[in-house]
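Encoded as structure tokens, the structure appears first; notes follow it.
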Amino acid sequence: MMNRMLFPFFAILVFLSTACNSPVDKNRTPDPQPVAYEYALVLHGGAGSMNFENLPEPRQQQYKHALDSALQLGLDLLKKGGASIDAVEVVIRCMEDNPLFNAGKGAVFTSEGKNEMDASIMTGEDLNAGAVAGVTDIRNPISAARAVMEQSKHVILAGEGASVFAEEVGLEIVDPSYFYTKHRFESLQRALEKEKHGTVGCVALDRNRNLCAGTSTGGMTNKKYGRIGDSPIIGAGTYANNRTCGVSGTGHGEFFMRWLVAYDISALMEYKGMDVEEAAKEVVEKKLVEAGGDGGVICLDKYGRAAMVTNTSGMFRAYGNSNGDRVVAIFK
Ligand code: ASP
């Protein structure tokens, strides 16, 4: 009750202090104060070339069900007052355990027939971040990324060093064969160029107005042994800043790294005063398209408003907030 009464005043304070500190584009008239949700969560399960042929109705239903249950897990936690970082971890672990997605179990194969996974997490309150890259035996890479952030002095640990660390902090280590799925192995064999990506990501805003973003992936099918993508790179595949937004990306990682997609969205909001939707569209639909990089992003601003933007024909995605608004969608 108390929270509800104080919330509007708090939201106004946050809005005013941000407006005063940020250099805003003088040609823009500031938006009226946006509605703020008490909590919100947005997630993705990868973007790519999707149509009714490569994704028949029963398969769509499977994905929608998986997206919806992951969303519900996160929303339940936030509703009880849980922290955004816990919501992001729980949602991504759930998707990592689901072979439908290209993260954890279900990760795609390298050209050598192995699974090498990347993941990262970032908290918007303190710009703290952690990541793992090229890991082969950690069951839930997102939890390892969180452990790197909270229990080491570093931001990224890679390969064997990351596994040793994960084991030391008590995370579950599995035999690399755990990540084998027939579906992904056959994709490699066919070297399908149009394989939908299937990376997973989540951004959450909790009742304390803290944003957190996380991303987890098996990378790109047929990638070179040792290749690291954008997902563990802070600012490329993942970014969170309480002053602006949280972002998780999915798509052709080489472009997301070179165009620093996630940070660029935050920077456009901070320095140009764009809203989250405008900033996401500017980066994904203009800059990335001009560059030739395919993919999409999910973003949540500090008010809990989402932008889910892709320049591909589809992106598995879902959004929910404290008002009960809910979206689960696949096609553009
Ligand atoms: N961005 C990921 C990577 O390049 C792949 C994806 O999102 O599908 O590793």
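Just follow the structure's listing: the first ligand is 1, and inside any ligand the first atom is 1. Please read these numbers as outputs of a predicted model, since none were measured by experiment.
Which parts of ligand 1 touch Thr250 is read off a 4.0 Å heavy-atom cut-off, strictly below it: atoms 6 (C), 7 (O), 8 (O). In summary, the atoms of ligand 1 found under 4.0 Å from a heavy atom of Asp230, numbered by their order in the structure, are 1 (N), 2 (C), 3 (C), 4 (O), 9 (O). Annotation for ligand 1: atoms under 4.0 Å from non-hydrogen atoms of Gly219 are 5 (C), 9 (O).
Some N or O of Thr199 is nearer than 3.5 Å to an N or O of ligand 1, by distance alone. Any N or O atom pair closer than 3.5 Å counts here, and Gly198 shares no such pair with ligand 1.
Residue Arg227 touches ligand 1 through its side chain alone, judged by heavy-atom distances below 4.0 Å.
For Lys281 and Asp275, the salt-bridge test fails: no basic side-chain N is under 4.0 Å from an acidic carboxylate O.
Under the salt bridge (Lys or Arg N to Asp or Glu O under 4.0 Å) criterion, Glu160 pairs with no residue, sequence neighbours left out.
With no hydrogens or angles considered, a side-chain donor-acceptor pair links Arg93 and Ser143 at under 3.5 Å. Side-chain N/O atoms of Thr199 and Thr217 include a donor and acceptor closer than 3.5 Å. Checked by atom type, the side-chain pair Asn210/Ser84 shows no donor-acceptor distance below 3.5 Å.
Under a 4.0 angstrom heavy-atom cut-off, Gly237 registers as lying outside contact with ligand 1.
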Can you give the donor-acceptor pairs under 3.5 Å from side chains of residues 74-82 to other protein atoms, not counting sequence neighbours?
residue: Asp76; atom: OD1; partner: Gln72; partner atom: NE2; Å: 2.7

